[in-house]
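Working notes, structure below.
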Amino acid sequence: QVQLVESGGGVVQAGGSLRLSCAASGSIFRLNTMGWYRQAPGKQREWVTTITSGGTSNYADSVKGRFTISRDNAKNTVYLQMDSLKPEDTAVYYCNVAQLVGGLMHYWGKGTLVTVSS
């Protein structure tokens, strides 16, 4: 059982910043990845960024240089600092935790809406 609680979504003007948080609780193993996906209206859900428990991060090209993912292992919390936001960043952002439990298991938050106005 893993529960994810997201926060930080809202409305921001283009060029602005926003910080998302996701707190995980339950059966979290020490070795896992946490990350963010997003889904814009009428589009498929896409991967944004992930970070391992060891601190290795990866980013989609669309957000590279603008977004920064970080995590606090003691709190089982992952953050997404979003800078230089663009209207095309508008989407529902979903927190994700992936870990091996026999097979690779993914857990998802309910999502938080980020709206970037022009």
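Because only heavy atoms are used, hydrogens play no part in the values below, and waters and symmetry mates are left out as well, while side chains stay in.
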For the residue pair Ser21 and Glu6, establish whether any side-chain heavy-atom pair is separated by less than 4.5 Å. no

Distance alone, cut at 3.5 Å: any donor-acceptor contact between the side chains of Asp72 and Thr77?
no

To the nearest 0.5 Å, atom CG of Leu113 lies from atom OG1 of Thr115 at 3.5 Å

Using atom types as modelled, flag every donor-acceptor pair under 3.5 Å from a side chain in residues 89-102 to any protein atom, sequence neighbours excluded.
{"residue": "Asp89", "atom": "OD1", "partner": "Arg38", "partner atom": "NH1", "Å": "3.0"}
{"residue": "Asp89", "atom": "OD1", "partner": "Arg66", "partner atom": "NH2", "Å": "3.0"}
{"residue": "Asp89", "atom": "OD2", "partner": "Arg66", "partner atom": "NH1", "Å": "2.7"}
{"residue": "Asp89", "atom": "OD2", "partner": "Arg66", "partner atom": "NH2", "Å": "3.4"}
{"residue": "Asp89", "atom": "OD2", "partner": "Lys86", "partner atom": "N", "Å": "2.8"}
{"residue": "Thr90", "atom": "OG1", "partner": "Pro87", "partner atom": "O", "Å": "2.9"}
{"residue": "Thr90", "atom": "OG1", "partner": "Val116", "partner atom": "N", "Å": "2.9"}
{"residue": "Thr90", "atom": "OG1", "partner": "Val116", "partner atom": "O", "Å": "3.4"}
{"residue": "Tyr93", "atom": "OH", "partner": "Arg38", "partner atom": "NH1", "Å": "2.9"}
{"residue": "Tyr93", "atom": "OH", "partner": "Asp89", "partner atom": "O", "Å": "2.7"}
{"residue": "Asn96", "atom": "ND2", "partner": "His106", "partner atom": "ND1", "Å": "3.1"}
{"residue": "Asn96", "atom": "ND2", "partner": "Tyr107", "partner atom": "O", "Å": "3.3"}
{"residue": "Gln99", "atom": "OE1", "partner": "Phe29", "partner atom": "N", "Å": "2.9"}
{"residue": "Gln99", "atom": "NE2", "partner": "Ser27", "partner atom": "O", "Å": "2.8"}

Tested for side chain to side chain contact (heavy atoms under 4.5 Å, CB included) against Val78, the lone hit among Ile51, Leu20, Thr33 is Ile51

Tightest non-hydrogen contact, residues Gly109 and Leu4, listed as N-CD1, 3.5 Å

From the list Cys22, Ser57, Ser53, side chain to side chain contact (heavy atoms under 4.5 Å, CB included) partner of Arg71 resolves to Ser53

Q | Aromatic Tyr79 / basic Arg19 pairing, under 6.0 angstrom, 45° off normal | A | yes

Q. Should Val2 and Tyr37 be counted in the same cluster of Ile, Leu, Val, Met, Phe, Trp and Tyr side chains packed under 4.5 Å apart?
A. no

**Prompt:** In the single-linkage hydrophobic clustering (I, L, V, M, F, W, Y; side-chain heavy atoms under 4.5 Å), do Val63 and Trp36 co-cluster?
**Reply:** yes

Assess the side chains of Asn32 and Arg30: does a donor N or O sit below 3.5 Å from an acceptor N or O? no

When rounded to the nearest 0.5 Å, the distance separating CE of Met82 from OG1 of Thr68 is 11.0 Å

Do Thr49 and Phe67 touch side chain to side chain, with heavy atoms closer than 4.5 Å? no

